[in-house]
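Just so you know, these numbers use all the heavy atoms, side chains as well, and skip hydrogens, waters and symmetry mates. Please read these numbers as outputs of a predicted model, since none were measured by experiment.
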Amino acid sequence: MQILRRKIPRKITADIKITDALFLLLGTAMFLYFLAHPGYYSKGSVSEGTFDIAKKKLLADCAIWGGSVILILFRRRISALLEKRARLLSLLLTLITPVITFYATNFIVRSIPINFRKQTIILTPKIILLNVLIVAVILLLLLFITNNMRAASVLCLFSGVVFSMANYYVCIFRDVPIVASDFASFGTAMDVAGSYSYTPNFHCLFALQAALGFLLLFRCLGNSRLFALRGRLIFSAASIAAFVIFAQGFLFSDFLENQGIELHMFKPLISYFKCGTYVTMVRSFQYMQVEEPEGYSTEQVEAITADYESDSAQDADVRPNILVIIDEAFSDLAVLGDLTTNEDYMPFFHSLQETSTHGWAYASVYGGNTANTEYEVLTGNSILPLPQNAIAFQLYVKSNMPALASLCGSLGYENLYAMHPFRAGNYSRPSVYSYFGFETYFSETDFSEDTPTLREYISDMAVTDMIIEKYEEKQGVTDEPFLFYTMTMQNHGPYNKSDYDAYHNGIVLEDPEDEPAQRYLNLIKHTDSALKALVEYFEQVDEPTVILFLGDHQPNSTNAFLKGVTDGAYQDWSDEDSMKKYAIPFVLWSNYGLEAREYEKTSMNYLQSILFDLCGLPMTGYQKYLLELMDSIPALTANGYWGADGNFYAPKDTSSPYYEKLTDYLLLLYNNVFDSKNRPEEFYELK
């Protein structure tokens, strides 16, 4: 196999000069940005007399910038000096690229604010080797595509740095790092990305500068091809063989599982710290594979469903209007620990709890992945068997599926409305809502240009006005009840923007002092007012009406806030303690005196069944099954569940006295979602 030699041209063209100037400008801009922000290389405060220069950081950045300038200004001379050894040096740089890339990405990841005890996380030599091996496969793929050492090596390093920077920002925004299933919701993430601040920390900025220096060093060594045609053919064949071995040995085998490498369910960032970026990502891709549960068969499904007969749709005595409002990030932060405010931030919601069905519904998601709560509420299906962070809407709803809207349709409800006052296509909502049986979908484009907003989002009060408007429109058309479902947007993060005065509503968080949390609580007060307006309107309506109101998940609280409300205890929370971050208050109100019940603990997948049961509506066999399951497993989430004995169990805890019941539920979920052609429709539909 012959490696071609290619002499470095000694005459610089106009394009190369322009390129040199651009690189010099870029490197100097990053260095000046670094100098303009003393927080990167200092500690303390000048005014408090505690200002101290972090000499190592300052010297390191000066060295990176100085070295880059030298490589740019003296590139021709350096190239001439290294001409005889350029080929060998290029090969050496290419060979060590996986190591450089791994440590660059790990350098950034280790700077992410943590929510656990850092000293317990150690990268072992085996883990480092596995990560470097995975990066080497990525580099091999780039070499296979480009046949160019410089292009492949630089792309490998920059892609690792950029991905880790994205991971840094994602963790800041939602407290959960990127895993494989997040790529399916990339478009939705981009829709809200502009709302956040992207100030890099020292580690992100330094890694970018170092990657630029790596590129400049490679430029001094020339841009030779890796192989001639014959050599490239042999190399391509060898690369394909290596990819097959990698896929079989890593992606599609239990090798990593046998090494004890698992994704940490409550705090996936632990996996990044303990297993490294690349091993964690490969493991998360493996989690995307939903395997048929042990013991699954259509006969077993029939045996489970046989005892639950669906009611007739004609048996409904009262068919109330149903309003289901899942309010963006609505929660009560007091569940996390001790906080003190100058006044109640949800007074009306708390007053409803005194006379209406209410309780705590535990979500499977925290700080994001809203659509998974929607999925659980609308279908009764838990996301427990789905991969970590997978979005059911985008990955698993591809055809008609029994859901709240389709059931209401069979009961004779007309005007089956769904609404989300933001981008229509987020989380594939148009198709999913249609598959669920909704007839009409309203998004932000259905609101007028002068619709009230809080920050850049349509306000909850505007949502209340829209619901009332659509109800009044249907009054002159039909006497049949209507279903209106909405997923709001007002309270979406972030909560650190400076336009606070525009929506400040009098709430002061006195202890602990935390500006983002205070801004959030003021938004919740606005939501409380919108809920009050909605309830007061339907109190005057003669038609029976019920309102199910809840949040989708808690906001991503800062570590400083969690430390304040828990006195630092949150870092040592057990799995059961960590469920405080998944607790969401809900209320089910009616204007015609329905029985009030209290649920100390329930979960999102049970709420639809609770709603139908409370309203006395005909129920499907599936809804009856879920109510009975709730007697044994009162609250069930993707992270774990509580049994009737009051104990908290991990999903895979085979010693749980409820493991058999959980297994039956998982068989039904697999049948409903992944084997729909064999779904017993009579179990999920009304007669």
Q: Could you tell me which residues satisfy salt bridge (Lys or Arg N to Asp or Glu O under 4.0 Å) with Glu469, sequence neighbours excluded, listed by chain and number?
A: none
Q) So do Asp327 and Asp552 actually touch side chain to side chain, heavy atoms under 4.5 Å? A) no
Q) Is the closest side-chain heavy-atom distance between Ile633 and Tyr606 below 4.5 Å? A) yes
(Q) Taking Pro320's backbone N and O only, do any of them form a donor-acceptor pair with Tyr413's side chain (distance below 3.5 Å, no angle check)? (A) yes
Q.
Check for me whether the distance between the ring centres of Tyr471 and Phe538 falls short of 6.0 Å.
A. yes
Q.
Tell me every residue that passes side-chain contact (heavy atoms from CB on, under 4.5 Å) with Glu302, counting only those two or more places apart in sequence or in another chain.
A. none
Q) Which residues satisfy the side-chain hydrogen bond (donor to acceptor under 3.5 Å, both in side chains) test with Glu628, sequence neighbours excluded? A) Tyr308
Q) For the side chain to side chain contact (heavy atoms under 4.5 Å, CB included) test, which of His420, Gln490, His553 pairs with Glu328? A) His553
**Q.** Member of Phe438, Phe442, Phe549 meeting the ring-ring contact (aromatic ring centres under 6.0 Å, His included) criterion with Tyr485
**A.** Phe438
Q.
Counting C-beta onward and ignoring hydrogens, is there a side-chain heavy-atom pair between Asn415 and Thr440 closer than 4.5 Å?
A. no
Q. Among Thr305, Asn381, Asn672, which one satisfies side-chain hydrogen bond (donor to acceptor under 3.5 Å, both in side chains) with Tyr622?
A. Asn381
Q) Can Ser434 and Ser431 be counted as having a side-chain donor-acceptor contact under 3.5 angstrom? A) no
Q: Just jot down the side-chain hydrogen bond (donor to acceptor under 3.5 Å, both in side chains) partners of Asp338, sequence neighbours excluded, or say none.
A: none
Q: Ignoring hydrogens and angles, state whether a donor on the side chain of Thr527 or Asp460 is under 3.5 Å from an acceptor on the partner side chain.
A: yes
Q. Quick one: does Glu600's side chain get under 4.5 Å of Trp360's, heavy atoms only?
A. no
Q.
Side chains of Glu343 and Ile507, heavy atoms from C-beta outward: is any pair under 4.5 Å?
A. yes
Q: Measure the shortest side-chain to side-chain distance between Asn678 and Val301 over non-hydrogen atoms and say whether it is less than 4.5 angstrom.
A: no
Q: Please report the closest heavy-atom contact between Leu333 and Ser557, naming both atoms and the distance.
A: CD2-OG, 4.2 Å
(Q) I want to check something: taking the side chain as every heavy atom from C-beta on, are Pro481 and Ile322 in contact at a cut-off of under 4.5 Å? (A) no
Q | Pair Tyr375 and Tyr396, ring centroids less than 6.0 Å apart | A | no
Q | Ring geometry between Phe683 and Tyr625 (parallel below 30°, tilted from 30 to 60°, perpendicular above 60°) | A | perpendicular
Q | Ring centroid separation Tyr441 to Tyr433 under 6.0 Å | A | yes
Q | Residue pairs fulfilling salt bridge (charged side-chain N to carboxylate O under 4.0 Å, His left out) with at least one residue in residues 312-321, sequence neighbours excluded | A | Arg319-Glu480
Q.
As a test of understanding, state which of Leu617, Thr357, Val546 forms a side chain to side chain contact (heavy atoms under 4.5 Å, CB included) with Leu611.
A. Val546
Q) Can you name the side-chain contact (heavy atoms from CB on, under 4.5 Å) partners of Thr637, sequence neighbours left out? A) Tyr362, Ser364, Met579, Asn639
Listing, residues 404-412 side-chain donor-acceptor contacts under 3.5 Å, not counting sequence neighbours, or none:
{"residue": "Ser406", "atom": "OG", "partner": "Ala403", "partner atom": "N", "Å": "3.0"}
{"residue": "Ser406", "atom": "OG", "partner": "Ala403", "partner atom": "O", "Å": "2.9"}
{"residue": "Ser410", "atom": "OG", "partner": "Leu407", "partner atom": "O", "Å": "2.6"}

Q: Give me the ring orientation class for Tyr599 and Phe586: parallel if the planes are under 30° apart, tilted from 30 to 60°, perpendicular past 60°.
A: tilted
Q: Write down the atom of Thr602, the atom of Ile610, and the distance for their closest heavy-atom approach.
A: OG1-CD1, 3.8 Å
Q.
I'd like to check the side-chain contact (heavy atoms from CB on, under 4.5 Å) partners of Glu354; sequence neighbours left out, ordered by chain and number.
A. none
Q | Nearest heavy-atom neighbours spanning Glu576 and Gly646 | A | OE2-O, 4.4 Å
Q. Taking only residues two or more places apart in sequence, or in another chain, which ones meet Lys601 in a side-chain hydrogen bond (donor to acceptor under 3.5 Å, both in side chains)?
A. none
Q. What closest approach, in Å, do Met604 and Ala361 show between heavy atoms, and which atom pair accounts for it?
A. CE-O, 3.8 Å
Q: Report the residues that fulfil side-chain hydrogen bond (donor to acceptor under 3.5 Å, both in side chains) with Ser331, sequence neighbours left out, ordered by chain and then residue number.
A: Tyr520
Q) Side chain of Asn522, backbone of Gly506: donor and acceptor closer than 3.5 Å? A) yes
**Q.** side-chain contact (heavy atoms from CB on, under 4.5 Å) partners of Pro634, counting only residues at least two apart
**A.** none
Q. Tell me, do Phe348 and Val535 make a side-chain contact under 4.5 Å, heavy atoms counted?
A. yes
Q.
Strictly by salt bridge (charged side-chain N to carboxylate O under 4.0 Å, His left out), give each pair with a member in residues 432-447 just once, sequence neighbours left out.
A. Arg423-Glu444
